[in-house]
Amino acid sequence: MDKILTLGIETSCDETAAAVLCGGRELLSNVISTQIPLHQKFGGVVPEIASRKHIVNIMPVIDEAISKAGVELRQINQIAVTFGPGLAGALLVGLSAAKSLAYALKIPLIAVNHLEGHIFANFLSAPQLEPPFLSLVVSGGHTALIKMTGYNEFELLGQSRDDAAGEAFDKIARVMGLPYPGGPEIDKLAKLGDPNAITFPHPKVTGYDFSFSGLKSAVLNFLNTAQMKGDSINPADVAASFQRTVVDTLAEKTLAAAQEFKLNKIVLAGGVAANSSLEKTLRTACQRRGLEFFYPSKILCTDNAAMIACRGYYQKTFADSTLNAVPNLGL
Ligand code: KG4
Ligand code: ZN
């Protein structure tokens with residue numbers, strides 16, 4: 001059995017994370033130090049604060065990942081680190097740590113695209129999963145449909161032309177007075193509401209691209225108008241109706257792409273994959289159509305270094321010490 005030990009490092013946004021993976025799928029440790037409480041009072045991530053906190057946390061988090069894995073640092077065979085997309089200052093902290101360690105230990109360095117990492121989280125949750133499949137990546141910064149025919153063969157079928165799905169969740173939650181990050185809050189509130197109470201316009205974009213800014217504006221207008229008129233609204237109905245519109249749009253496009261490209265496995269990835277309604281809707285739709293459905297366990301949906309280690313393991317291409325952060329790295 002393959003016993004390559006990969007240390008994964010992730011600092012693209014507001015989680016400082018490190019993980020140790022044995023071979024491609026056996027996760028030995030997965031440490032995540034979240035900064036969410038720190039950014040909550042600002043209603044969103046403050047990049048400068050995120051970078052400073054990563055600097056404080058990075059070495060203790062790596063030490064903890066190594067010790068929880070029950071290995072020694074000198075046993076690590078390679079280091080996989082996120083180099084983009086993300087916040088420049090935040091990415092640089094993980095990159096500096098990874099480059100220094102790789103240099104000191106004389107081991108290879110692997111530059112990982114964070115979005116590809118999200119897809120690979122599924123290989124850890126479902127060890128039997130193999131490409132080809134269709135992946136819907138929905139995070140705070142991206143919404144994309146990707147056809148994956150091999151571990152290193154990706155085809156971008158479509159992506160968001162404006163706001164990402166997670167961004168729309170966060171923005172609406174903020175206006176509704178809910179804490180950051182808004183996605184899980186809307187998810188919780190929506191369970192108490194009627195998804196058919198309010199009809200918000202469905203985004204009209206042909207093909208496999210997405211657009212959520214029109215829907216976001218429609219919900220914000222609805223809230224503003226009600227406030228100006230002094231009308232009382234039921235926040236749970238707003239959350240449920242908005243969420244249903246997003247979920248229906250994501251599900252429709254995903255199922256259409258699966259049919260067109262004859263892919264019988266659907267793989268959900270990214271922070272918004274933790275949304276209970278999205279998971280349930282896709283699961284049910286896949287069951288009806290005889291498609292296999294995969295989505296990562298909750299802890300692997302949002303940012304973590306286990307997915308970065310896994311992506312790095314399969315990548316088989318290496319970086320050198322000139323590696324730099326690429327904040328707007330695409331798929
Ligand atoms: O993938 P992720 O952790 O970070 C990025 O790479 O962007 O995604 C974070 C996004 C945030 O917008 C957050 O609100 C959203 O994922 N999110 C959710 C849920 N949990 C996290 N959105 C909807 N429902 C959830 N349960
Ligand atoms: Zn992410």
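Numbers here simply count residues along the sequence, with the first being 1. Values below: every heavy atom of this structure, side chains too, minus hydrogens, waters and symmetry copies. Whatever order the structure lists them in is the order used to number ligands and atoms, beginning at 1.
- Numbered from 1 in the order shown, with element, the atoms of ligand 1 that lie under 4.0 Å from a heavy atom of Gly141 read 7 (O).
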So Tyr180 and Phe42, ring-ring contact (aromatic ring centres under 6.0 Å, His included) or not? Walk me through it.
CA-CA 8 Å; Tyr180 171 83; Phe42 303 103; over 10 Å; no
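- Where the criterion is an N or O separation shorter than 3.5 Å, residue side chain and backbone included, Gly140 meets it with respect to ligand 1.
- Screening residues 120-144 for side chain to side chain donor-acceptor pair (under 3.5 Å) gives Glu130-Tyr151 as the qualifying pairs, with residues at least two apart or on separate chains.
- Contacts with ligand 1 closer than 4.0 Å are made by side-chain heavy atoms of His118 only, the backbone lying farther away.
- For atom 18 (C) of ligand 1, the closest non-hydrogen atom on the protein side is Gly183 CA, 3.6 Å.
- Listed by first then second residue, pairs satisfying side chain to side chain donor-acceptor pair (under 3.5 Å) with a partner in residues 83-100 number zero, not counting sequence neighbours.
- The distance criterion of under 3.5 Å between nitrogen or oxygen atoms is not met by Ser276 with respect to ligand 1.
- Around the Zn ion (ligand 2), the protein atoms of type N, O or S that sit closer than 2.8 Å are His114 NE2, His118 NE2, Asp303 OD1.
- The shortest contact between atom 11 (C) of ligand 1 and any protein heavy atom is with Asp170 OD2, 3.5 Å.
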Between Glu167 and Lys171, does the salt bridge (charged side-chain N to carboxylate O under 4.0 Å, His left out) criterion hold? Intermediate values first, please.
CA-CA 6 Å; Glu167 214 171 327; Lys171 186 72 198 288; over 6 Å; no
If you apply the rule salt bridge (charged side-chain N to carboxylate O under 4.0 Å, His left out), what do you find for Lys191 with Asp187, and how did you get there?
CA-CA 7 Å; Lys191 291 196 170 80; Asp187 193 355; 3.6 Å; yes
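- Inclusion of Gly271 in the set of residues having an N or O under 3.5 Å from an N or O of ligand 1 is warranted.
- Looking at Thr302 next to ligand 1, no N or O pair under 3.5 Å apart turns up.
- With ligand atoms numbered from 1 in the order given, ligand 1 contributes 12 (O) to contacts under 4.0 Å with heavy atoms of Gly166.
- For atom 15 (C) of ligand 1, the closest non-hydrogen atom of the protein is Val272 CG2, 3.9 Å.
- When each of Val61, Ile32, Asp303 is tested with Glu10 by the rule side chain to side chain contact (heavy atoms under 4.5 Å, CB included), just one qualifies, namely Asp303.
- Using 4.0 Å as the threshold, Pro184 has a heavy atom nearer than that to some atom of ligand 1.
- Asn152 pairs with exactly one of Lys316, Glu116, Arg311 by the side chain to side chain donor-acceptor pair (under 3.5 Å) rule, that one being Arg311.
- For ligand 1, the polar-atom distance check finds no N/O of Gly270 at less than 3.5 Å from any of the ligand's N/O atoms.
- One finds no salt bridge joining Glu292 and Lys265 here, because no Lys/Arg side-chain nitrogen approaches an Asp/Glu carboxylate oxygen to under 4.0 Å.
- Here the heavy atom of the protein found nearest to atom 26 (N) of ligand 1 is Asp187 OD2, 2.9 Å.
- Looking at Val112 and Phe83, their side chains never come closer than 4.5 Å, going by heavy atoms from C-beta outward.
- In this structure, Lys298 forms no cation-pi arrangement with Tyr295, as its terminal cationic atom is not both closer than 6.0 Å to the ring centre and no more than 45° off the ring axis.
- Listed by chain and residue number, Asn57 satisfy the side chain to side chain donor-acceptor pair (under 3.5 Å) test with Ser33 (two or more places apart in sequence, or in another chain).
- Of all protein heavy atoms, the one closest to atom 24 (N) of ligand 1 is Asn275 ND2, 3.0 Å.
- Residue His114 has at least one nitrogen or oxygen atom sitting less than 3.5 Å from a nitrogen or oxygen atom of ligand 1, judged on distance alone.
- In this pair, Phe242 and Phe169 present their aromatic rings perpendicular. The plane angle is above 60°, beyond the 30 to 60° band.
- The protein non-hydrogen atom at the shortest distance from atom 2 (P) of ligand 1 is Asp303 OD1, 3.4 Å.
- Using a 4.5 Å heavy-atom cutoff, the side chains of Gln75 and Ile66 are not in contact.
- At least one side-chain heavy atom of Leu115 sits less than 4.5 Å from a side-chain heavy atom of Pro85.
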